[in-house]
Amino acid sequence: MDLRIVLLGPPGSGKGTQTERLVEEFGFTKISTGDLLREAVRNGTPLGKEAKGYMDAGKLVPDDLVVGLIKEKLEGVKGGVLLDGFPRSLEQAKKLEEFFHVEMAVDLDVDQEVLIKRLTERRSCRKCNAVFHLEFNPPKVPGICDKCGGELYQRSDDTEKVVRERFATYTERTAPLTEYYRQKGVLRSVDGMGPIDEVYKRIADVVREG
Ligand code: ADP
Ligand code: ADP
Ligand code: ZN
């Protein structure tokens with residue numbers, strides 16, 4: 001599948017979860033800015049050092065840093081691409097256009113009370129970034145990743161306080177992208193409520209339609 005897709009949707013809407021499955025079925029190259037930034041923080045790189053404060057506060061990392069990262073990762077990539085968590089501002093979307101043509105923007109729609117419960121009980125794999133949920137998608141063995149056996153942990157920004165800040169950031173900076181991509185004629189809104197498998201079917205149908 002050669003489509004070039006961006007996944008929109010608020011924190012906790014299921015972008016990472018659905019990306020994992022779409023990659024398995026359609027073979028997209030996945031680029032997740034959240035995963036890349038957390039890796040940079042873990043490795044203590046100059047980018048990580050600069051990004052950490054913003055991430056801990058639930059704010060966006062400055063556009064030029066993130067755009068540079070995406071540009072580097074997209075270099076030489078062929079075939080279908082799925083961008084998870086990028087762009088997150090109009091500025092990023094406009095810069096992205098200079099070197100990448102977005103053919104479809106999938107927007108996951110989920111009520112806010114549901115998002116809080118999803119995020120505060122999310123568990124992530126330190127090794128492969130797979131995501132689980134204590135209640136809605138529990139690992140087979142508590143604390144251990146089903147996919148790679150890695151250790152599961154709770155992200156430091158998945159506390160209720162930072163989550164609320166991330167929602168405010170989303171509303172102010174990211175939500176306008178929906179209208180932006182609607183006007184370009186590439187927006188596909190998908191109901192992100194309900195079980196993971198059901199949401200996946202909705203998204204996979206939209207992707208197959210192209
Ligand atoms: P979630 O999956 O919960 O939406 P992410 O893992 O995508 O969260 O992002 C975590 C944090 O990383 C964000 O709160 C933000 O600080 C930073 N980040 C991720 N993507 C971007 C981006 N495109 N622009 C700026 N900051 C970003
Ligand atoms: P995002 O990348 O958009 O922040 P995630 O894919 O990490 O969202 O999902 C956030 C949390 O919600 C994870 O713990 C995940 O297991 C869980 N989750 C994702 N989709 C659903 C769903 N449809 N129903 C219930 N829980 C879900
Ligand atoms: Zn893992």
Side-chain angles (χ1 to χ4, degrees), residues 1-16 18-19 22-23 26 28-41 45-110 112 115 129 157 162-190 192 203 206-207 209-210:
M1 176 69 74
D2 265 359
L3 217 51
R4 303 203 144 193
I5 305 177
V6 302
L7 263 183
L8 306 173
S13 56
K15 301 182 296 296
Q18 302 298 342
T19 295
L22 289 165
V23 165
F26 298 100
F28 293 112
T29 298
K30 162 197 116 161
I31 302 176
S32 158
T33 42
D35 288 347
L36 291 170
L37 290 168
R38 276 184 292 280
E39 187 184 306
V41 171
T45 67
L47 169 69
K49 284 186 179 137
E50 199 159 349
K52 189 177 186 315
Y54 296 98
M55 296 172 78
D56 287 345
K59 306 271 187 221
L60 292 189
V61 173
D63 291 333
D64 51 337
L65 292 179
V66 190
V67 172
L69 187 62
I70 280 281
K71 206 168 185 172
E72 186 190 309
K73 291 288 164 185
L74 278 172
E75 222 154 84
V77 169
K78 296 203 174 63
V81 176
L82 199 52
L83 299 185
D84 163 17
F86 185 93
R88 253 182 159 93
S89 67
L90 283 173
E91 295 80 1
Q92 290 180 10
K94 285 175 186 157
K95 285 188 184 155
L96 178 66
E97 256 173 28
E98 293 169 16
F99 54 88
F100 182 87
H101 177 61
V102 173
E103 293 167 320
M104 183 186 288
V106 176
D107 186 33
L108 288 172
D109 208 7
V110 179
Q112 200 171 97
L115 294 174
N129 300 310
D157 60 348
V162 184
V163 162
R164 295 214 180 264
E165 204 47 60
R166 286 157 64 202
F167 286 159
T169 302
Y170 172 81
T171 304
E172 185 190 332
R173 306 286 309 279
T174 310
L177 288 177
T178 310
E179 199 44 46
Y180 179 80
Y181 284 117
R182 193 195 316 279
Q183 279 176 16
K184 298 209 171 280
V186 298
L187 184 75
R188 302 283 185 283
S189 291
V190 174
I203 300 177
V206 161
V207 166
E209 281 164 21

Starting from the C-alpha separation in whole Å, work towards a yes-or-no answer on salt bridge (Lys or Arg N to Asp or Glu O under 4.0 Å) for Glu179 and Arg182. CA-CA 5 Å; Glu179 199 44 46; Arg182 193 195 316 279; 3.0 Å; yes

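Heavy-atom contacts from other residues, nucleotides or ligands closer than 6.0 Å to NZ of Lys30 number more than 12.
Between the side chain of Glu103 and the main chain of Arg4, a donor-acceptor pair closer than 3.5 Å is present. Distance alone, capped at 3.5 Å, places no donor-acceptor pair between the Arg38 side chain and the Asn129 backbone. At least one donor-acceptor pair closer than 3.5 Å links the side chain of Gln92 to the backbone N or O of Arg88. Judged by distance alone, with hydrogens and angles left aside, the side-chain atoms of Lys15 form a donor-acceptor pair with the main-chain N or O of Pro10 at under 3.5 Å. With hydrogens and angles ignored, the 3.5 Å screen pairs no side-chain donor or acceptor of Ser13 with any backbone N or O of Val110.
With values rounded to the nearest 0.5 angstrom, Glu50 atom CD is found 10.0 Å from Thr45 atom OG1.
Applying side-chain contact (heavy atoms from CB on, under 4.5 Å) to Lys52 and the options Val41, Val61, Leu47 leaves one that passes, Val41. For the side-chain contact (heavy atoms from CB on, under 4.5 Å) with Phe86, the qualifying choice from Val67, Val6, Leu69, Ile31 is Val67, the only one to do so.
Between Phe100 and Pro87 the shortest side-chain heavy-atom distance does not fall below 4.5 Å. Side-chain atoms of Thr178 and Leu187, non-hydrogen and from C-beta on, do get closer than 4.5 Å to each other.
Taking each heavy atom of Leu177 and Ser89 in turn, the nearest pair found is CD2-O, 3.6 Å. Considering every non-hydrogen atom in both Leu37 and Ala51, the closest pair reads CD2-CB, 4.1 Å.
The side chain to side chain contact (heavy atoms under 4.5 Å, CB included) check on Thr171 picks up nothing, with sequence neighbours excluded. With sequence neighbours left out, Val190 forms a side chain to side chain contact (heavy atoms under 4.5 Å, CB included) with Val106, Leu108, Arg202, Ile203, Val206.
At a threshold of 4.0 Å, the pair Asp63-Arg173 counts as salt-bridged, since one of the basic side-chain nitrogens sits closer than that to a carboxylate oxygen.
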